[in-house]
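Everything below concerns the one structure shown next.
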Amino acid sequence: MRRAACSIQAGSSETGSDMSESVRFRFNVDGSNFTTAGQASVQVKKNLRELGIPADAIRRVSIAMYEGEINMVIHAHGGEAEVIVFEDRIEIILSDRGPGIPNIELAMKEGYSTAPDNIRSLGFGAGMGLPNMKRYTDDMKIETELGKGTTITMTVRF
Amino acid sequence: MKISDIKTLLDAEVVCGEENLDHDVYSACGSDMMSDVLAYVKDQAVLLTGLVNSQVIRTAEMMDMVCIVFVRSKKPTEDMIELARESGIVLMNTEKRMYEACGLLYTSGLVGNGVRHE
């Protein structure tokens, strides 16, 4: 079975004022195969457990990232995922070069979905992805440009 | 109840995770939409579903579930079984349909609470 490519780095935070040590995980999300979607999230969950992160934070990060990964595969032919672990929070950055989101307000409505029917037959595409990502995280920022791609940054504090 | 009680109540066949049948479980949910499981389920340990693909196993793993029951005799694939083994999730299947399987477990004390109400 093909695995999500993962690289792990430890180093200083790059957020300027916050100089705490951070650990980063990077993944390429393969957009060609729905069956393998979610591998990066499963790996992140394992990595966070090994780091001793509180269980509730692990769960919230895992679910939000999993929804994001599924979205990237359904809508954007995959992309890149980065998870940065700080002393008091975890940041998840999902970037793709997909079609972009034409109407973010609409996309954030529960039940609104542009996923094709075949995705619904696989158990997804109920229009819960983005709302769910927002629900499980403390902060979510969406940057999107039509025809260029989307970057979603989420923060889970613990 | 224990996972072994679910096996008995549903006359189910255990596909993998036999070693975890002693695990205690208190609540369950039934759905074919993994989107809904990710959105509305909270702290349920058992998932009943008629959907068969790898995302069922990953969804259960994300939600910290410990047992998946496939209804209507649906059989998980080898890939799914491998994923479940890696995560220590019990897989079983039953001939019963979703409604009947959920009803049998519910009336035997496996509740559905924990679902988020807003």
Side-chain angles (χ1 to χ4, degrees), chain A residues 1-4 29-30 33-46 48-49 54-71 73-74 108-113 115 117-137, chain B residues 16-17 23 27 29-66 68-72 74-89 91 98 114-118:
Chain A
M1 185 185 292
R2 209 154 25 135
R3 296 283 170 205
V29 177
D30 178 7
N33 189 348
F34 185 78
T35 305
T36 58
Q39 285 181 350
S41 306
V42 171
Q43 189 59 49
V44 162
K45 188 165 189 176
K46 284 179 184 156
L48 295 181
R49 270 193 196 135
D56 175 64
I58 293 178
R59 185 171 174 173
R60 293 195 291 134
V61 167
S62 306
I63 296 171
M65 182 171 167
Y66 181 54
E67 289 277 22
E69 227 187 313
I70 295 279
N71 269 354
V73 173
I74 294 175
M108 289 302 300
K109 273 182 78 171
E110 290 193 2
Y112 177 82
S113 174
D117 284 346
N118 69 312
I119 294 298
R120 269 183 274 279
S121 69
L122 293 167
F124 287 88
M128 299 303 293
L130 284 172
N132 222 8
M133 288 157 72
K134 187 172 174 60
R135 176 181 300 135
Y136 282 107
T137 56
Chain B
C16 72
H23 199 105
S27 62
C29 71
S31 181
D32 288 352
M33 281 305 284
M34 295 304 107
S35 295
D36 286 348
V37 174
L38 288 163
Y40 296 113
V41 168
K42 194 182 173 210
D43 296 334
Q44 277 86 344
V46 183
L47 171 64
L48 292 94
T49 186
L51 186 71
V52 178
N53 66 46
S54 301
Q55 301 310 340
V56 175
I57 313 291
R58 293 209 182 90
T59 298
E61 155 124 39
M62 291 303 144
M63 304 304 288
D64 298 320
M65 291 170 147
V66 294
I68 303 170
V69 180
F70 295 97
V71 297
R72 306 192 296 274
K74 298 280 179 85
K75 298 239 185 332
T77 63
E78 280 305 317
D79 281 359
M80 293 168 66
I81 295 169
E82 190 190 323
L83 282 175
R85 282 209 177 103
E86 283 174 15
S87 308
I89 296 172
L91 298 187
M98 177 76 96
V115 176
R116 187 176 53 88
H117 293 291
E118 285 182 340

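Labels below follow one simple rule: chain letters A, B, ... track the order of the sequence lines, proteins then strands, and each chain is numbered from 1.
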Inset, instruction - Check whether any side-chain heavy atom of B:Met80 sits under 4.5 Å from a side-chain heavy atom of B:Ile68, and report yes or no. - result: no
Inset, instruction - Could you tell me whether the side chain of A:Phe34 reaches within less than 4.5 Å of the side chain of B:Gln55, counting heavy atoms only? - result: yes
Legend entry - Choice from A:Gly38, A:Ala37, A:Gly127 maximising heavy atom contacts with chain B below 4.5 Å: A:Ala37
Inset, instruction - Have a look at B:Ser31 and tell me which of B:Thr59, B:Leu38, B:Val56, B:Val37 forms a side-chain contact (heavy atoms from CB on, under 4.5 Å) with it. - result: B:Val37
Inset, instruction - Using non-hydrogen atoms and a 4.5 Å limit, figure out which bit of B:Asn53 sits close to chain A: side chain, backbone, both or neither. - result: side chain
Inset, instruction - Using atom types as modelled and distance alone, determine if a side-chain donor or acceptor of A:Glu69 lies under 3.5 Å from a backbone N or O of A:Ser41. - result: yes
Inset, instruction - Test side-chain contact (heavy atoms from CB on, under 4.5 Å) on A:Gln39 and B:Arg58 and set out the steps. - result: CA-CA 8 Å; A:Gln39 285 181 350; B:Arg58 293 209 182 90; 3.6 Å; yes
Legend entry - Qualifying residues under side-chain hydrogen bond (donor to acceptor under 3.5 Å, both in side chains), relative to B:Asp36, sequence neighbours excluded: none
Inset, instruction - Could you pull out all residues at least two apart from B:Ser87 that satisfy side-chain hydrogen bond (donor to acceptor under 3.5 Å, both in side chains)? - result: B:Glu61
Legend entry - Spatial distance of atom CE (A:Met128) from atom OG (B:Ser35) [nearest 0.5 Å]: 8.0 Å
Legend entry - Contact listing (chain B partner; residues 117-125 of chain A; heavy atom under 4.5 Å): A:Arg120, A:Ser121, A:Leu122, A:Gly123, A:Phe124, A:Gly125
Inset, instruction - May I ask you to check whether A:Thr35 and A:Asn33 show a side-chain donor-acceptor distance below 3.5 Å? - result: yes
Inset, instruction - Pick one of side chain, backbone, both or neither for A:Ile70, based on which atoms fall under 4.5 Å of a heavy atom in chain B. - result: side chain
Legend entry - Heavy-atom pair of closest approach, residues A:Glu110 and A:Pro131: CG-CB, 3.7 Å
Inset, instruction - Compare all side-chain heavy atoms of B:Met63 with those of A:Ile63 and state whether any distance is below 4.5 angstrom. - result: yes
Legend entry - chain A-proximal positions within residues 45-52 of chain B [heavy-atom distance under 4.5 Å]: B:Leu51
